[in-house]
Amino acid sequence: MHLIRSAVAVPVCAWLVLCAPEVRAQEQQPVPGPRSEAPSTPTPSQAPAAQPSQEPLTLERAVSLAAERNESALSAGARAEAAEARVDKARAFFLPKLTVSGSYIRRPEESTRQVGDQTVVLQRFNALSGNAVARITLFDARGFPLYQAAKRDSEATALDAVEARRQVGFQAANAFLGALGLQQVAGAAERRLTYARQSLEEAQARAHAGLASTNDVTRAQLDVATAEAQLADAVGQAEAGRLELGYLVVAPVEGPLAAPETLLGEASRPVDSFAGLADKALERRPDILSAKLRVEQQRALAREPLARLFPALSASAQGSVTNESGLTGRTFNGFLTVDLTWTLYDGGERYADRHERLALTRALDLDASAKVRRVDVSVERAHVSLRTAQAALSQSQVAFDSARQNAEETSILYRQGLASSLALSDAQVRQFEAEVALARARYALGSALLELRAAVGLDPLGKEP
């Protein structure tokens, strides 16, 4: 009787063990793949500080915060303000200067003289005096090139500030995509750990029922340990990506990240549709315009030494008032002066300055020409990167679909005893690697579009700076 009960119980238990995983799989929600999942909803391990009611951080918001708060952009703006102040200083060269001074003298005794029947005080105990001097440059040829150089410097520095904000925006956008990609990798690692634990439960149940060897359990335990290590590494990298993004936007990134669907959708357009963006790249690129203005600034500075060949003409008016009239009986005095200064020979300093500045002008002109030539190369490279990223995303999607189907089929075959634990482990690893590759390819496509926008002079959002 005992043998009969054992003969009946073993098949029934084995059948229950095989059916249990399928029941659990039906009760659980299916894990969506990268194509259908919402990347803006991170798992708890990906964003432990996110609050349910907190608004997701968008790409547009990250770029805006970086432009408003990042020290690099603010520093460039401060340098632009300093350049404007230098223009005011250069303009002051042509405007009059007024100086007012006063003095008080206390003497131990008065000094007087007798003139006829009058006593004239030459020096009082308390002597008061005031002096006002007004000066104006009537002509100095140096002022014109110096003022023009200051204007070009101000314009170039303002463009440098625009370029600094633009580059900070691209850094923030790329960091946003990187953090989002790492977040998806962490999600894939968590799903792989879930599959590995489920496989371990199945292997233990099969080994307990005598349907599989203990080696399957050992391999499943190894897969769980490997998946746990990969999850810890992926979560750490995701947190590091958030820290880098927070550094750029000057704010802690604790909430979820919203997927930049607009950017990714536009990046999926045919590459030929972006050909028209390169037509006005030289007119939009702030760094190119700034480089050309630097050349004009240096040319103006190179003209300044020649302006020293001309004489300088200035005029000054001076008036003074005192309480010591002296023998003249006058307490107010004033005069007008016109000065002419002409340096006929300065030892060759002016010509040396001109030769130096002309050489610097040629150097800046060559640098600007190299930047102009680099624009076409950058645009073409961006086109190649975008085309490559589109192809890589398409291939990664096909590979992930195949890997997911292979993992599902291998799992079914393993439950039926038609596949080994080694095949199941390999299928799960391939699915994880394909999912990681798909996440990286998806956000690499967005980075490729950002590269193209940077090359043609647009901001990260596709607008003119």
Side-chain angles (χ1 to χ4, degrees), residues 29-67 169-192 234-235 237-246 248-249 251-269 385-386 389-401 404 432 434-454 458-463:
Q29 293 293 332
V31 179
R35 174 183 291 180
S36 59
E37 69 179 3
S40 61
T41 305
T43 62
S45 62
Q46 295 164 318
Q51 300 297 330
S53 60
Q54 192 170 8
E55 288 293 331
L57 178 64
T58 63
L59 176 68
E60 294 77 10
R61 180 58 177 164
V63 171
S64 176
L65 288 175
F170 279 110
Q171 293 174 12
N174 281 300
F176 183 91
L177 293 179
L180 197 55
L182 292 173
Q183 178 177 291
Q184 297 301 303
V185 172
E190 187 168 359
R191 283 187 287 275
R192 190 206 168 183
V235 171
Q237 291 188 17
E239 290 300 325
R242 284 176 170 270
L243 290 175
E244 181 65 22
L245 178 59
L248 291 170
V249 302
V253 180
E254 299 177 349
L257 303 179
E261 298 297 343
T262 302
L263 177 70
L264 299 177
E266 186 171 355
S268 301
R269 290 167 44 194
S385 298
L386 185 59
Q390 290 177 350
L393 178 61
S394 178
Q395 295 167 0
S396 298
Q397 184 65 60
V398 173
F400 171 74
D401 292 339
R404 181 171 57 179
F432 168 71
E435 188 173 357
V436 170
L438 179 58
R440 290 175 176 171
R442 188 183 187 203
Y443 297 111
L445 178 62
S447 297
L449 179 58
L450 291 177
E451 180 184 357
L452 177 59
R453 288 176 175 176
L458 300 175
D459 68 2
L461 305 181
K463 302 177 183 178

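Heads up: numbering here begins at 1 and tracks the sequence.
- Note that the OG1 atom of T58 and the CG atom of L65 stand 8.5 Å from one another [nearest 0.5 Å].
- Between the CG atom in L445 and the CD atom in E266 there is a gap of 10.5 Å [rounded to 0.5 Å].
- Of the candidates L180, L177, L393, R442 forms a side-chain contact (heavy atoms from CB on, under 4.5 Å) with just one, namely L393.
- Of all the heavy atoms in A172 and L245, the pair that sits closest is O-CD1, 3.6 Å.
- Ion pairing of E435 with R191 is present here, as a side-chain N (NZ or NE/NH1/NH2) and a carboxylate O approach within less than 4.0 Å.
- Distance check: Q171 CD to E244 CD gives 8.5 Å after rounding to the nearest 0.5 Å.
- Closest approach of S447 and N174 over heavy atoms only: OG-OD1, 3.5 Å.
- Contact between R453 and F170 at its shortest, heavy atoms only, is C-CZ, 3.8 Å.
- At least one side-chain heavy atom of L257 sits under 4.5 Å from a side-chain heavy atom of Q183.
- When atom types are taken as modelled, the side chain of Q390 and the backbone of R269 share a donor-acceptor pair closer than 3.5 angstrom.
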Q.
Determine whether R440 and V436 satisfy the following criterion, side chain to side chain contact (heavy atoms under 4.5 Å, CB included), listing intermediate values before the conclusion.
A. CA-CA 6 Å; R440 290 175 176 171; V436 170; 3.6 Å; yes
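- Side-chain atoms of L57 and F176, non-hydrogen and from C-beta on, do get closer than 4.5 Å to each other.
- The CG atom of L450 sits 11.0 Å away from atom CG of L458, with the distance rounded to the nearest 0.5 Å.
- The shortest non-hydrogen separation linking L386 to A448 is CA-CB, 3.7 Å.
- Judged by distance alone, with hydrogens and angles left aside, the side-chain atoms of R242 form a donor-acceptor pair with the main-chain N or O of G255 at under 3.5 Å.
- Within the model, atoms CG of L263 and OG of S268 stand 9.5 Å from one another, a figure rounded to the nearest 0.5 Å.
- Considering only heavy atoms from C-beta on, Q395 stays 4.5 Å or farther from V398 through its side chain.
- Residues A267 and L449 share a closest heavy-atom pair of N-CD2, 3.7 Å.
- A heavy-atom distance below 4.5 Å is not found between the side chains of L461 and T262.
- Here the closest heavy-atom approach between residue S396 and residue A441 is recorded as OG-CB, 3.6 Å.
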